[in-house]
Amino acid sequence: MTATLMLMDTMSGELKPVRAADGHRLRFYCCGPTLYDRAHIGNFRTFLVQDVFRRVAELSGLPTLHVRNVTNVEDKTIRRSQELGEDLAAFTARWKVAFDQDCRSLNMLSPHHEPGAVEHIAEQIALIETLMGKGMAYLGEDGSVYFRISEFPAYGRLSRLDARTLRSGEAHQSDEYDRESISDFALWKAAKPEDGPNHWESPWGPGRPGWHIECSAMSMKYLGPTLDLHSGGVDLVFPHHENEIAQSEGATGKPFTLHWFHVTHLMVDGAKMSKSLGNLYTLDDIKAMGFSAAEMRYVLIAGHYRKPLNFKRESLEAARLALKRLASVQALLDQAAGGPALATWDNLCGAEKTQDTLGHFAPAWEALLDNLNVPKALGEVFTACHEVERMSRDGSLPPEQAVVERQGLVLLLASLGLILPVPSPEADEAPGEVQQLAQQRWEAKQAKNWGEADRLRDLVAARGWRIKDRKDGFDLVRS
RNA sequence: GGCGCGGUAGCCAAGUGGUAAGGCAAGGGUCUGCAAAACCUUUAUUCGUGGGUUCGAUUCCCACCCGCGCCUCCA
């Protein structure tokens, strides 16, 4: 059984083992959100895949040091906060609160560090000074500082972009005169009137950092000059990550990132998600549609991260049923094992993962180790569920075996971060009136007064509750 | 135009050089007074199209069609 997580590396295009260079702790960086609006479910697809990645890495026995930045100063944050007449820090702080709420409700692990660009101006300036000192950056005619791509021959390797194919011309109008080359990008942007008070002092005058430099500065501050792994949405491959490589390696002369991990975009109803198409959803929109964050999470991780995932409402309905199914199997296993599981995260991380310890869920775990193949893992999970149910039915599920199978299920649920609905009856939550009707219906049923029983059942249903009969009574669940 | 990723049942989605996981939906069944719930079971001779390699391809090669992403600040 493979013990190491294998993952596609964008740079080499090959499957590579996920490794900690120091042999101890995986240091990885994820490009986080820009704090100017509510994050949408497409953003969360990426963050959720990264969350599953981290879970699987840790559960496979590899501790992590996870850094994810927040971009709290760039064009959009400045423009919008100015439009609102709001202080930039207050503006971005509001969106950070919203983002954190969404992350929590999606059951995402918190990164160990969440640095913000504004809080690391000094580090960014220092990095730019280093590049200036090496002749890899220059002051443009507009007072901004640019990276000199001609000094970094490896530019374009990640995105397999031949410098000659860079589309040039019309799109970039006047500002090209400020730069030596059309491909050079801004490290530091000179203050403009429309920026309002949002500028900082620097050796090149007041201004603000360019977008790319924050990730170089902050990732290296928290993780060192060479990161084990770096992740983001595919759209960041060029130019963002390409520029990060140029800035970082240009400054340090060391490899910046050993393993690149990119997540493909989410589509909605077969189209690119965009505001103009009206198909851009936030987590709140999903909740307003009557679905839970757990269901949303299931949908967003259920596709392979390398393939476009087509989101539709029906996916949420399917997820709801799938989660219920898993919950019922978990309940079955708890019962067969003689009590609920009490596995802690550390426990799970350190545990042996073999056929003997995971039972029928072992293939699902292997699927996760193989390039984070969540769809295959889910398929194997349900196959294992069938087996467990069959054994239970046949009476061939002794407590020792149930304990093993449950370990397998618990590991998979922890890997995927799935939170299962509580399957227990909610009878005591039903309003007294509903309970009374249901009780009367039960009595009518016992008296074989079918007409009256059915009438009362309809009344209960009309109040939004469903009667589930047992041999010796009934349960009430919300319908 | 360049680079990259895809096109598998009604929908979502794995996968393999030897004849297609799983989820949802749908049909049938067990259970039930009838239901609901739960469980069992059935459903792609076929994997965008056309060629080629092979004893054999959905899986490898070539061409074409379609979708999506990036090509300067969008996860």
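To find a chain, count down the sequence lines: A is the first, B the second, and so on, and within it residues start at 1.
- Position along RNA chain B of the nearest nucleotide to A:Arg306 versus A:Glu389 favours A:Arg306 as the more 5'-ward residue.
- Between A:Asp469 and A:Lys445 there is a salt bridge, since at least one side-chain N of the basic residue sits less than 4.0 Å from a carboxylate O of the acidic one.
- Distances were taken from every side-chain heavy atom of A:Thr383 (C-beta onward) to each of B:G22, B:A36, B:C3; the shortest belongs to B:G22.
- Interface remark: the A:Arg457 side chain does form a donor-acceptor pair with the B:A35 base, using a distance-only criterion of under 3.5 Å.
- If you check distances only, the side chain of A:Asp475 never reaches the base of B:A37 with a donor-acceptor pair under 3.5 Å.
- Taking 4.0 Å as the cut-off between side-chain N and carboxylate O, A:Glu317 and A:Arg320 do not count as a salt-bridged pair.
- Nucleic acid contact class of A:Ser315 (heavy atoms, under 4.0 Å, all strands): none.
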Exercise for the section: Using Watson-Crick or G-U wobble pairs with both distances under 3.5 Å, give me RNA chain B in dot-bracket, 5' to 3', with [ ] for crossers and | for pairs to another strand. Expected result: (((((((..(((.....[...))).(((((.......))))).....(((((..]....))))))))))))....
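- Contacts of A:His262 with the nucleic acid, taken as non-hydrogen atoms under 4.0 Å apart, are absent.
- Across all strands shown, A:Asn310 has heavy atoms under 4.0 Å from sugar-phosphate atoms exclusively, and none from any base.
- When A:Gln436, A:Glu443, A:Arg441 are each tested for a side chain to side chain donor-acceptor pair (under 3.5 Å) with A:Gln439, only one passes: A:Glu443.
- Among the protein residues, A:His386 comes within range of the sugar-phosphate backbone only, with heavy atoms under 4.0 Å from sugar or phosphate atoms but none that close to a base.
- Candidate nucleotides B:G4, B:G69, B:A75 were compared by shortest atom distance to the side chain of A:Leu266, and B:A75 ranks first.
- A:Arg325 comes within 4.0 angstrom of sugar-phosphate atoms only, judged by non-hydrogen atoms across all strands, and of no base.
- Each of A:Leu321 and A:Asn43 was assigned the nucleotide of RNA chain B with the nearest heavy atom; the assignment lying further toward the 5' end belongs to A:Leu321.
- For the C1' atom pair drawn from B:C74 and B:U58, the interatomic distance equals 35 Å after rounding to whole Å.
- Both geometric conditions, a ring-centre gap below 5.5 Å and a plane tilt below 30°, are not fulfilled together for A:Phe382 over the base of B:G22.
- A gap of 15 Å separates the C1' atoms of B:C12 and B:A26, to the nearest Å.
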